[in-house]
Student: 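Below is the structure I would like to discuss, written out as structure tokens.
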Amino acid sequence: MKALTKLISCIIFFTFLWGKSQQVDWNKINSNTIIDVISLQSIPQSNSVVAQVGNGNNADLTISSKTNIIIQQLGDQNSIYFNNAFTEKETKAAVTVQGYNNIVDVTGSNSVSDGMQINVKADNKTVFVRNY
């Protein structure tokens with residue numbers, strides 16, 4: 001119970017930090033809806049953000065200066081590998097992982113993947129994305 005309280009407190013802190021409080025109905029935020037609330041917040045362009053809550057999470061990002069990515073991990077033992085270092089084009093992406101022992105591995109970018117959003121809400125899942 002203490003861990004859940006700590007998780008919710010951290011998430012609300014990040015939401016407050018990034019969000020516009022006038023657009024958030026605070027009475028509807030709980031551990032089941034917080035990912036959706038964070039996803040709706042506007043993040044300034046040309047900034048990449050990584051928010052991790054849990055134990056043993058890993059985010060290995062190899063990105064260019066024109067990559068705008070939002071990484072959110074809630075849970076334990078999750079890994080995200082995002083490699084977009086070989087393009088000069090601006091790329092925007094969002095990856096949200098909620099659960100235990102998940103892996104998201106993204107390599108490259110193209111016009112199809114620009115603006116891509118990956119949401120994983122499960123345990124023990126692997127997602128591979130290859131853009132060439």
Student: Ignoring hydrogens, what is the shortest heavy-atom contact between Ile71 and Ile69? Give both atom names and the distance.
Tutor: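 Nearest pair, atom of Ile71 first, then Ile69: CD1-CD1, 3.5 Å.
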Student: Using the side-chain hydrogen bond (donor to acceptor under 3.5 Å, both in side chains) criterion, which residues pair with Thr91? Sequence neighbours excluded.
Tutor: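 Once residues adjacent in sequence are excluded, the partners of Thr91 under the side-chain hydrogen bond (donor to acceptor under 3.5 Å, both in side chains) criterion are Asn84, Ser109.
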Student: So, do Val129 and Ser113 sit near enough that their side-chain heavy atoms are less than 4.5 Å apart?
Tutor: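 No, their side chains stay 4.5 Å or more apart.
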Student: Could you tell me the separation between the NZ atom of Lys121 and the CG atom of Leu74, rounded to the nearest 0.5 Å?
Tutor: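 Spacing of NZ (Lys121) from CG (Leu74) equals 9.5 Å.
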Student: Provide the closest heavy-atom pair for Gln73 versus Ser79 in the form atom of the first, atom of the second, distance.
Tutor: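 In terms of heavy atoms, the two residues are closest at OE1-N, 3.5 Å.
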Student: Rounded to the nearest 0.5 Å, how far does CD of Gln117 lie from OG1 of Thr96?
Tutor: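 Between atom OG1 of Thr96 and atom CD of Gln117 there are 7.5 Å.
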Student: Could you name each residue pair satisfying salt bridge (Lys or Arg N to Asp or Glu O under 4.0 Å) that touches residues 51-74, not counting sequence neighbours?
Tutor: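 Counting only pairs at least two positions apart or across chains, no salt bridge (Lys or Arg N to Asp or Glu O under 4.0 Å) contact touches residues 51-74.
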Student: I need the single residue from Asn102, Ile80, Asn78, Val95 that forms a side chain to side chain contact (heavy atoms under 4.5 Å, CB included) with Val120. Which is it?
Tutor: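 The residue from Asn102, Ile80, Asn78, Val95 that satisfies side chain to side chain contact (heavy atoms under 4.5 Å, CB included) with Val120 turns out to be Asn102.
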Student: Under 3.5 Å, is there a donor-acceptor pair between the side chain of Asp76 and the main chain of Asn55?
Tutor: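 Side chain of Asp76 to backbone of Asn55, a donor-acceptor pair under 3.5 Å: yes, one is there.
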Student: Shortest non-hydrogen contact from Ile63 to Ser48?
Tutor: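 Nearest heavy atoms, Ile63 then Ser48: CD1-OG, 3.7 Å.
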Student: Asn124: what forms a side chain to side chain contact (heavy atoms under 4.5 Å, CB included) with it, not counting sequence neighbours?
Tutor: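 Partners of Asn124 under the side chain to side chain contact (heavy atoms under 4.5 Å, CB included) test: Tyr100, Asn101.
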Student: Do you know the tightest heavy-atom contact between Ile118 and Val106?
Tutor: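 Looking at all heavy atoms of both residues, the shortest contact is CD1-CG2, 3.9 Å.
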Student: Each residue besides Tyr81 in its hydrophobic cluster should be listed here, by chain and number; the cluster joins Ile, Leu, Val, Met, Phe, Trp and Tyr at side-chain heavy-atom distances under 4.5 Å.
Tutor: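 Same cluster as Tyr81: Ile103.
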Student: Not counting sequence neighbours, list each pair that qualifies as a salt bridge (Lys or Arg N to Asp or Glu O under 4.0 Å) and has a residue in residues 95-109.
Tutor: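 Matches after skipping sequence neighbours: Asp105-Arg130.
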